S.K.: 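Before I ask anything, let me first share the structure, which is written out below as structure tokens.
Just so it is clear, the structure is predicted and the values come from calculations on it, not from any experiment. Numbers restart at 1 for each chain; the letters A, B, ... are given by sequence-line order, proteins then strands. All values below come from the heavy atoms of this structure, side chains included, with hydrogens, waters and symmetry mates left out.
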2 protein chains.
Amino acid sequence: MTSELPASGEQAVRPTIKAVARHAEVSYQTVSNALNAPDRLKPATLARVLKSVEELGYQPSQAARNLRTQRTRLIGFRFEQTAGAGIASIEDRFLHAVCAAARDRGYGVIVFSAEDDDDEIAMYSDLTRRGAVDGFILMNSHRVDPRPAWLIERCIPFVCFGRPWQRTSRVHSWLDVDGGSGTYLAVRHLVEGRHRRIGFIGWPEGSEVGDDRHSGWLAATTEFGLPKRGLTVRGLDGIAVGTQLAEQLLSSAKPPSALVCVSDAMAVGAMHAAQQRGLVVGRDVAVVGFDDSPLATVVKPTLTSLRQPLESIAQKCIDLLVGHIDDPAKRAVTSVMEPTVIVRESSAVITDD
Amino acid sequence: MTSELPASGEQAVRPTIKAVARHAEVSYQTVSNALNAPDRLKPATLARVLKSVEELGYQPSQAARNLRTQRTRLIGFRFEQTAGAGIASIEDRFLHAVCAAARDRGYGVIVFSAEDDDDEIAMYSDLTRRGAVDGFILMNSHRVDPRPAWLIERCIPFVCFGRPWQRTSRVHSWLDVDGGSGTYLAVRHLVEGRHRRIGFIGWPEGSEVGDDRHSGWLAATTEFGLPKRGLTVRGLDGIAVGTQLAEQLLSSAKPPSALVCVSDAMAVGAMHAAQQRGLVVGRDVAVVGFDDSPLATVVKPTLTSLRQPLESIAQKCIDLLVGHIDDPAKRAVTSVMEPTVIVRESSAVITDD
DNA sequence: CTCTTACATATGAACGATCAAATGGGTAGA
DNA sequence: TCTACCCATTTGATCGTTCATATGTAAGAG
């Protein structure tokens with residue numbers, strides 16, 4: 001018998017289940033049982049088999065297991081091109097959370113890039129027809145979103161981070177953060193800091209997420225009896241636009257003392273506007289952003305923002321998805337979670353008197 | 001014959017190679033040949049088979065193919081936890097580029113998170129012993145880096161973005177960006193703007209990447225006959241530290257009129273310091289960062305920075321890796337690429353005295 | 001002492017593709 | 001008209017598992 005060390009330049013040969021069986025002097029099925037149904041084995045043999053497994057460093061071949069079980073234990077996830085104001089994005093934090101959560105459940109994550117919805121669907125088609133993934137996690141749902149319907153039609157398991165904005169869409173599992181609840185909390189936080197004129201910098205009407213976030217400001221101003229008139233301005237997302245809109249509010253006859261913004265990018269823009277007018281953000285005017293993106297901690301003063309519980313969202317997404325993979329008949333589950341106000345310098349000082 | 005539409009709630013049944021064979025009235029091996037060795041078939045049958053493939057929407061099962069070929073066409077990539085100054089990170093841009101490049105070569109990318117090097121190695125071990133990936137792409141190489149040696153010992157194909165900083169390390173394929181060349185270009189750019197006293201804000205001595213980037217400043221100041229003395233300051237990466245270090249330089253007897261920084265975070269900190277002294281960045285003092293991270297475009301004024309050609313790096317990484325997977329005996333290849341100065345407001349104005 | 005019961009282990013057949021080698025039919029040369 | 005050869009296609013074996021079922025053995029009950 002010659003030495004079986006891997007030749008240099010050659011990949012090491014992975015031991016198979018049969019090698020383990022020979023080593024433990026049992027049949028290969030017994031090894032399979034030892035790993036998949038340990039209670040079927042006599043404790044003594046179980047120990048012997050596991051010892052052989054350990055010694056040979058055996059891990060079942062994923063490919064063979066996939067073929068046999070018709071499962072890959074792989075989840076697909078589109079990692080979007082974070083263009084433009086992408087710095088205020090939470091994608092990478094979410095991807096991290098998804099990877100960690102998947103790993104806990106014994107799943108892996110296949111990440112792919114796609115140009116647009118259609119390209120993303122093309123990837124779904126490719127990956128599922130090849131049987132390369134068991135399901136998908138979607139994010140950034142929007143009003144005209146062909147993805148859920150496409151997946152539902154083909155009975156492909158998926159969970160969406162982001163609620164469906166279309167009434168007609170068929171039911172599926174999703175998780176989302178209550179944007180209205182977030183801005184409500186922001187206003188309450190500011191009211192506790194003695195603010196009464198609180199402006200809202202939002203996205204154009206018709207934007208689903210934007211309207212949702214505006215609703216909380218509306219609810220809170222009503223509940224606390226705060227003024228509303230002339231305190232909402234709207235525009236497309238971006239730092240420069242945020243500056244323009246905030247300038248509009250701050251230059252009015254009765255300027256607000258605090259600004260709740262629909263995004264961190266808008267908030268940073270608003271901070272610039274305040275600073276240009278010689279106001280000290282955090283003392284003369286408070287600013288609150290949304291998403292607690294990386295941007296919030298690098299600006300000066302640091303930005304108070306609403307943090308989404310991405311880690312627990314990712315965990316729930318994976319749990320739901322795994323449930324759908326194991327039992328495709330399972331009915332859709334939905335859940336809405338609350339963001340948290342992360343207080344930083346931009347709203348820290350309480351204006352007393 | 002009953003209808004074979006997928007029952008509601010059931011996943012659609014993917015057609016197998018045999019179904020295609022029946023449909024095209026050939027044997028299943030002919031179908032395999034049609035896809036893998038089309039020249040073996042008579043054009044007429046080839047067309048007939050491909051038509052059946054099309055009509056049934058057939059895609060070969062990845063699991064079966066993996067089992068037979070002992071390849072997964074999957075690449076592993078660790079997506080690091082971008083903590084602290086993570087906003088100035090290029091990880092997500094690189095991940096995107098890797099996904100796109102892999103897709104072009106018919107590969108997928110499995111992303112995983114890991115706590116540290118050892119945890120990353122544990123993932124390598126798990127993924128390779130299960131035969132879940134064909135190879136890895138590494139990034140963020142550092143001086144004491146156990147990863148390459150571990151992979152080399154086991155003959156696992158990989159390519160590293162980042163040169164090996166350890167002399168003793170065994171040879172492997174890597175790609176890197178020439179940091180020295182970057183700072184050299186930055187200095188030249190500033191010299192073209194009539195600057196002569198150019199400071200350097202770097203990381204502590206002994207940091208590999210930091211020393212590399214410092215070397216370009218040294219070379220350029222020598223070449224252009226610029227002053228060096230008292231113009232280099234060093235500290236750990238971060239916006240706050242950047243402010244401190246820049247303050248040190250700007251408050252000296254002969255302050256520099258331009259600052260080349262080892263990172264965008266440092267550069268943004270430097271901009272804050274200048275602004276605090278009442279200087280207008282871009283007019284009174286020029287600042288150049290490194291990495292062209294998202295941060296560079298969101299600060300005001302926008303930051304001139306050195307952009308790494310991540311897209312072509314990712315492409316070369318994938319090409320090299322695929323080469324190593326196909327032929328493990330292939331010898332190691334290394335390549336160093338040049339960054340580009342992306343000129344923005346922080347250095348745009350030419351000081352014509 | 002025999003028959004049942006229970007439990008531990010072994011056997012056989014997939015899963016869906018690819019690779020290597022065998023078979024078939026047609027055309028060309030003698 | 002027969003043999004030879006070549007090309008197109010098919011048959012057979014295999015990758016490494018898991019699932020369903022069959023076999024064997026020891027202990028307990030009648």
S.K.: Determine whether A:E91 and A:N140 satisfy the following criterion, side-chain hydrogen bond (donor to acceptor under 3.5 Å, both in side chains), listing intermediate values before the conclusion.
M.R.: CA-CA 10 Å; A:E91 294 244 331; A:N140 294 326; 2.9 Å; yes
S.K.: Once the angle between the rings of B:F161 and B:F94 is folded into 0 to 90°, is it parallel (under 30°), tilted (30 to 60°) or perpendicular (over 60°)?
M.R.: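 It falls in the tilted class, 30° to 60°.
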S.K.: Salt bridge or not between A:R105 and A:D319? Use side-chain N to carboxylate O under 4.0 Å.
M.R.: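 Result for this pair is yes, salt bridge flagged.
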S.K.: Roughly how many Å is it from CG in A:L41 to P in C:dC7, rounded to a whole number?
M.R.: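 Rounding to the nearest Å, CG of A:L41 and P of C:dC7 are 14 Å apart.
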S.K.: Kindly point out which of C:dA17, C:dA8, C:dT18 is positioned nearest to the side chain of A:T45?
M.R.: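 Within the option list, the nearest is C:dA8.
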S.K.: Indicate yes or no: does B:D126 engage A:R103 in a salt bridge with an N to O separation below 4.0 Å.
M.R.: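 A:R103 and B:D126: not salt-bridged.
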S.K.: Atom CD in B:E311, atom NZ in B:K316: separation rounded to 0.5 Å?
M.R.: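 Here the interatomic distance stands at 13.5 Å.
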S.K.: Reckon B:S32 has a side-chain N or O less than 4.0 Å from the OP1 or OP2 of C:dA17?
M.R.: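 Negative; the distance criterion is not met.
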S.K.: Dump the pairs, protein N or O against N or O of nucleotides 12-14 of chain C, anything under 3.5 Å, distances to one decimal.
M.R.:
residue, atom, partner, partner atom, Å
C:dA14, N3, A:R68, NH1, 2.9

S.K.: From CZ of A:R22 over to P of C:dA10, roughly how many Å is that when rounded to an integer?
M.R.: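 Rounded to the whole Å, the gap is 14 Å.
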S.K.: Expressed as a whole number of angstroms, how long is the span from B:N33:CG to C:dT18:P?
M.R.: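 After rounding, the reported distance stands at 9 Å.
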S.K.: Over all strands shown, is A:N66 touching base, sugar-phosphate only, or nothing at heavy-atom distances under 4.0 angstrom?
M.R.: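 The residue A:N66 makes no contact with any strand.
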S.K.: Atom CZ of A:R71 to atom P of C:dG16: distance rounded to whole Å?
M.R.: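 Taking atom P of C:dG16 as the reference, CZ of A:R71 is at 13 Å.
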S.K.: On the 0 to 90° scale, with breaks at 30° and 60°, tag the A:F158-A:H172 ring pair as parallel, tilted or perpendicular.
M.R.: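 Tilted, since the angle between the ring planes falls between 30° and 60°.
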S.K.: In terms of side-chain heavy atoms, does A:D134 have a donor or acceptor partner in A:T72 at a distance below 3.5 Å?
M.R.: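 Short answer, yes.
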S.K.: When the nearest nucleotide of DNA chain D is assigned to A:V31 and to B:E25 on a heavy-atom basis, which residue is associated with the more 5' position?
M.R.: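 Closest to the 5' end, via its nearest nucleotide, is B:E25.
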S.K.: In whole Å, I'd like the distance from the CD1 atom of A:I17 to the P atom of C:dA10.
M.R.: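 Checked: the CD1 to P distance equals 12 Å.
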S.K.: Between A:Y124 and A:F136, what is the ring plane arrangement, given parallel below 30°, perpendicular above 60°, and tilted in between?
M.R.: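 Tilted: the ring planes of A:Y124 and A:F136 meet at 30° to 60°.
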S.K.: Look at the side-chain N and O atoms of A:T30 and state whether any lies under 4.0 Å from the OP1 or OP2 oxygen of C:dA10.
M.R.: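 Looking at the OP1 and OP2 atoms of C:dA10, one of them is under 4.0 Å from a side-chain N or O of A:T30.
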S.K.: Sequence neighbours excluded, which residues qualify as side chain to side chain donor-acceptor pair (under 3.5 Å) partners of B:R147?
M.R.: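 Only B:E120, B:D145 meet the side chain to side chain donor-acceptor pair (under 3.5 Å) criterion with B:R147.
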S.K.: Please list, in 5' to 3' order, the outermost nucleotides of DNA chain D lying under 4.0 Å from any heavy atom of chain A.
M.R.: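 That gives a stretch of D:dG16 to D:dA20.
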